[in-house]
*Asks:* 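Dropping the structure in here first, questions after.
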Amino acid sequence: MGSGDPYGMPISHALASGMGGIRTAGDLVARMQLHRKMRLPEAKAYVAEKLHVGTRELSDEVTMRELREELDIGVLTSVPGAARGLEAKARIADLLGVTIPSVERLKRKMGGLG
């Protein structure tokens, strides 16, 4: 028997994708819900403040596409020269003020770069 909530990840994925995931700011909001145990309204407000937009803009695909490109925090479709993968995650960690384990592992592996 495993421990924890068996519905935890599916619910988180549903919330993130329901808000548009990486097409909008759903991934960022879900990260704050999981990382800081914030409720949805609190997580939306936190992310909106960090992005300098209103909470309504968080689910606007056009606004968020432009903002994600400007901040270089990853977009759904590839843009030449834009951050993706761990580089985008590192930028997200800095923007939201959170620690992302995979980013920290890479920094240690690279000798503390970043």
Side-chain angles (χ1 to χ4, degrees):
M1 282 291 228
S3 63
D5 180 4
Y7 299 107
M9 281 310 283
I11 291 170
S12 300
H13 285 284
L15 286 171
S17 61
M19 232 186 111
I22 195 169
R23 285 190 319 263
T24 59
D27 63 317
L28 306 176
V29 171
R31 184 170 299 280
M32 297 315 299
Q33 287 182 282
L34 294 171
H35 187 80
R36 298 244 174 102
K37 297 180 179 22
M38 293 179 171
R39 299 267 188 213
L40 184 58
E42 181 185 11
K44 283 181 178 182
Y46 182 85
V47 171
E49 180 182 330
K50 291 292 184 177
L51 297 177
H52 305 290
V53 297
T55 56
R56 295 186 88 170
E57 281 83 18
L58 293 177
S59 58
D60 182 310
E61 289 186 33
V62 175
T63 299
M64 289 309 302
R65 170 67 186 226
E66 292 171 359
L67 186 55
R68 291 184 79 102
E69 283 185 24
E70 180 183 316
L71 296 172
D72 204 14
I73 57 173
V75 292
L76 187 60
T77 55
S78 183
V79 174
R84 23 176 244 248
L86 283 175
E87 182 183 359
K89 276 188 173 184
R91 292 177 185 280
I92 289 169
D94 289 341
L95 177 71
L96 297 179
V98 296
T99 300
I100 299 176
S102 58
V103 172
E104 295 305 309
R105 263 192 314 277
L106 180 63
K107 286 179 180 179
R108 283 192 304 274
K109 190 174 184 176
M110 301 292 292
L113 296 177

*Asks:* With ILVMFWY side chains joined below 4.5 Å, transitively, what does Val79's cluster contain besides itself?
*Replies:*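 Reading the cluster by chain and number, Val79 sits alongside Val75.
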*Asks:* List for me each residue that meets salt bridge (Lys or Arg N to Asp or Glu O under 4.0 Å) alongside Arg31, sequence neighbours excluded, and say none if there are none.
*Replies:*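 Scan of Arg31 (salt bridge (Lys or Arg N to Asp or Glu O under 4.0 Å), adjacent residues dropped) gives none.
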*Asks:* Under a single-linkage definition using a 4.5 Å side-chain heavy-atom cutoff for Ile, Leu, Val, Met, Phe, Trp and Tyr, are Met110 and Ile100 assigned to the same hydrophobic cluster?
*Replies:*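 Yes; Ile100 is reachable from Met110 via cluster members.
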*Asks:* Not counting sequence neighbours, which residues clear side chain to side chain contact (heavy atoms under 4.5 Å, CB included) with Leu71? List them please.
*Replies:*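 For Leu71, the residues satisfying side chain to side chain contact (heavy atoms under 4.5 Å, CB included) (neighbours in sequence not counted) are Leu51, Leu67, Ile73, Leu95.
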*Asks:* For Gly54 versus Ala48, what's the shortest heavy-atom pair and its separation?
*Replies:*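 Looking at all heavy atoms of both residues, the shortest contact is C-CB, 4.0 Å.
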*Asks:* How would you list, by chain and number, every residue that makes a salt bridge (Lys or Arg N to Asp or Glu O under 4.0 Å) with Glu69, sequence neighbours excluded?
*Replies:*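 Testing Glu69 for salt bridge (Lys or Arg N to Asp or Glu O under 4.0 Å), a comparison that skips the adjacent residues, returns Arg65.
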*Asks:* Which heavy-atom pair separates Ile92 from Arg68 by the least distance, and what is that distance?
*Replies:*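 Heavy atoms only, the tightest pair is CD1-NH2, 4.2 Å.
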*Asks:* Does atom CD (Glu49) have a neighbourhood of more than 12 heavy atoms from anything else shown, all under 6.0 Å?
*Replies:*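 Not more than 12 within 6.0 Å, no.
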*Asks:* To the nearest 0.5 Å, how far apart are CG in Leu86 and NZ in Lys107?
*Replies:*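 Nearest 0.5 Å value for the CG-NZ distance: 11.0 Å.
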*Asks:* Taking only residues two or more places apart in sequence, or in another chain, which ones meet Asp94 in a salt bridge (Lys or Arg N to Asp or Glu O under 4.0 Å)?
*Replies:*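 By the salt bridge (Lys or Arg N to Asp or Glu O under 4.0 Å) rule, Asp94 matches no residue at all.
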*Asks:* Excluding sequence neighbours, so at least two apart, what forms salt bridge (Lys or Arg N to Asp or Glu O under 4.0 Å) with Glu87?
*Replies:*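 Partners of Glu87 under the salt bridge (Lys or Arg N to Asp or Glu O under 4.0 Å) test: Arg91.
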*Asks:* Taking atom CZ as the centre, does Arg36 end up with more than 12 heavy-atom neighbours from other residues, nucleotides or ligands that are less than 6.0 angstrom away?
*Replies:*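 For Arg36, atom CZ is crowded (more than 12 foreign heavy atoms under 6.0 Å).
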*Asks:* Can you tell me how far the CG atom of Leu40 sits from the NZ atom of Lys44, to the nearest 0.5 Å?
*Replies:*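 Separation between the atoms: 4.5 Å.
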*Asks:* For residues Thr99 and His35, report the shortest heavy-atom separation together with the two atoms involved.
*Replies:*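 The answer is O-CE1, 3.3 Å.
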